[in-house]
Amino acid sequence: MIHLPRVRKGPLRALAIRLALALALVLATVTVIYLDRDGYRDVNEDGLTLLDCFYYAVVSLSTTGYGDITPVTPHARLVNVLFITPARVLFLIILVGTTLEVLTDQYRNSLLVSRWRRQLKDHIVICGYGTKGRAAVAALLETGYTKNRIVVVESRPEGVRQAQSNGLVTIEGNATRSAVLLEADVKNCKAVIIATDTDEASVLISLTVRQLTAGQVRIIASVREQENAALLKQSGAHHVIVSSATAGRLLGLTTTAPPLIDVVEDLLTPGQGMALAMRSAERSEVGQNPRQLRTLVVALIRRGKVLPLGGEQTVPIETGDMIVYIRDETSDVNVAV
């Protein structure tokens, strides 16, 4: 099931509003009839009591109309024409409003889904909206991705609600199933990020994505245990991040070299201090030493391989290289060497 991001009223609140309107309409009708009770006649010919007015109002508004109470004076009949009849129509609209709203909502949702599919292009599929999934979405938004280019696949109802409330299109279902991934248009996406809670699910999702896309879509996955990283790569993942090993290294840095962990946190925290960034090499930079650039370059990416810049060896920039550098997030300018 596809959930588009939009604000929806709670069903209990909508029902309470409809009941309040129906009750208010009944009370208004009773008041009008009671004030003009001398213009009505019942079968007992003993006049209308307040209970009779309630009875007549309910059977009239519900279009039952037993005929045991009837307007006899011209004034009472005029009130029926000008007030009771429109009130009867309004009462029916209130009663059937819920059904009409459901039908209208289904039709509107179908139109929105169709329009969303037509506009979907180069999107990112996020499998899992837990802690890792939310962090991945935040990182994508920081790098310029818009929310309409991110599709979340989540099986937990609370995760679906949270993703939808955050303005993301959400596919409710198990990402290990082909039908669910096809709903997310995985064949035409730019990349798939697997951020599930278990390594077993990550492996199954990677296998399913590779089968559906024939290996043409980039797969980035996260696993808990280092020993499962190789298995996940064999399943089709292009990049694997070992969460437990990464956390262990950070813990070790915190113990042996506390200032280093501050630097790492600064690089990973959006909008604060320094941040890692990547861009294409400009034509004027080709042939230059990366260390001579105005920005602090930490690596080059050439034909999919990372070329570190440590040591005495210099690696000149070539056409098509991607430059990994450190950017100053506070002033939004590049860090000078």
Side-chain angles (χ1 to χ4, degrees), residues 2-7 112-154 159-173 175 180-196 202 205-206 209 212-213 215-222 236-241 243 246 265-281 295 298-299 301 304 306 322-334:
I2 300 177
H3 297 271
L4 297 178
R6 59 195 180 105
V7 179
L112 291 175
V113 169
S114 299
R115 186 175 65 179
W116 167 73
R117 287 195 180 280
R118 289 194 301 268
Q119 297 176 348
L120 196 62
K121 183 180 180 181
D122 291 336
H123 59 291
I124 304 293
V125 177
I126 309 289
C127 298
Y129 200 67
T131 302
K132 292 181 289 187
R134 291 193 297 271
V137 170
L140 289 173
L141 296 177
E142 293 159 18
T143 56
Y145 272 85
T146 55
K147 290 184 177 181
N148 57 3
R149 293 181 60 192
I150 300 175
V151 180
V152 174
V153 179
E154 177 60 71
V160 172
R161 290 192 297 268
Q162 188 171 10
Q164 190 179 9
S165 64
N166 290 337
L168 300 170
V169 176
T170 311
I171 310 296
E172 184 176 3
V180 175
L181 292 175
L182 290 175
E183 284 285 335
D185 199 13
V186 71
K187 291 184 177 181
N188 299 313
C189 71
K190 185 176 183 179
V192 176
I193 296 177
I194 303 176
T196 58
S202 298
I205 295 172
S206 181
V209 173
L212 292 175
T213 63
Q216 300 300 313
V217 173
R218 191 155 53 101
I219 303 173
I220 304 99
S222 170
H238 297 82
H239 304 281
V240 178
I241 299 173
S243 57
T246 302
E265 287 183 351
D266 198 346
L267 289 172
L268 296 179
T269 304
Q272 299 181 9
M274 301 177 294
L276 286 174
M278 185 175 68
R279 63 175 176 85
S280 301
T295 55
V298 296
I301 299 178
V306 179
M322 300 296 295
I323 297 176
V324 181
Y325 65 99
I326 295 179
R327 181 179 60 198
D328 188 353
E329 288 280 280
T330 57
S331 58
D332 199 27
V333 296
N334 297 333

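We number each residue from 1, following the sequence as shown. Owing to the predicted nature of the structure, the values given are computational and were not obtained by experimental measurement.
When all heavy atoms of Asn166 and Lys147 are compared, the closest pair comes out as O-NZ, 2.8 Å. Here the closest non-hydrogen pair linking Cys127 and Ile205 is SG-CG2, 4.0 Å. Minimum heavy-atom separation, Ile219 to Ser206: CD1-O, 3.9 Å. Minimum heavy-atom separation, Ile171 to Ala184: CG1-CB, 4.1 Å. For Glu154 against Val160, the heavy-atom pair with the smallest separation is O-CG2, 3.5 Å. Residues Ala195 and Gly133 approach most closely at CB-N, 3.7 Å, considering heavy atoms.
Remark: Glu183 engages Arg117 in a salt bridge (Lys or Arg N to Asp or Glu O under 4.0 Å) (not counting sequence neighbours).
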Verdict with supporting geometry, Leu120 and Asn188, side-chain contact (heavy atoms from CB on, under 4.5 Å):
CA-CA 9 Å; Leu120 196 62; Asn188 299 313; over 6 Å; no
Start with the C-alpha gap between Leu140 and Ile193, add the side-chain angles, then the distance that decides, and say whether side-chain contact (heavy atoms from CB on, under 4.5 Å) holds.
CA-CA 11 Å; Leu140 289 173; Ile193 296 177; 4.2 Å; yes
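A heavy-atom distance below 4.5 Å is not found between the side chains of Val209 and Val125. Side-chain contact between His123 and Val169 is absent, with no heavy-atom pair separated by less than 4.5 Å. In this structure the side chain of Val186 never reaches within 4.5 angstrom of the side chain of Val153, judged on heavy atoms. Counting heavy atoms from C-beta outward, Tyr129 and Leu168 have side chains that approach closer than 4.5 Å. Looking only at side-chain heavy atoms (C-beta outward), Gln119 and Asn148 stay at 4.5 Å or farther from each other. Between Ile150 and Leu141, the closest side-chain pair of non-hydrogen atoms falls below 4.5 Å. Inter-residue side-chain proximity for Gln162 and Arg134 is flagged as met; some heavy-atom pair is nearer than 4.5 Å. Counting only heavy atoms from C-beta outward, the side chains of Asp185 and Trp116 never approach each other to under 4.5 Å.
Under the 3.5 Å distance criterion, the side-chain polar atoms of Lys187 are left unmatched by any main-chain donor or acceptor of Leu182.
Of the inter-residue distances, the one linking Lys132 atom NZ with Ile241 atom CD1 reads 9.5 Å to the nearest 0.5 angstrom. Glu172 contributes atom CD, which lies 9.5 Å from atom CD of Gln164 (distance to the nearest 0.5 angstrom). Taken from NZ in Lys121 to CZ in Arg149, the straight-line distance is 9.5 Å, to the nearest 0.5 Å. Gln216 CD to Cys189 SG: the interatomic distance, rounded to the nearest 0.5 Å, is 11.5 Å.
More than 12 heavy atoms of other residues, nucleotides or ligands shown are found within 6.0 angstrom of CG on Leu212. Heavy atoms of other residues, nucleotides or ligands lying less than 6.0 angstrom from CZ of Arg218 number 12 at most.
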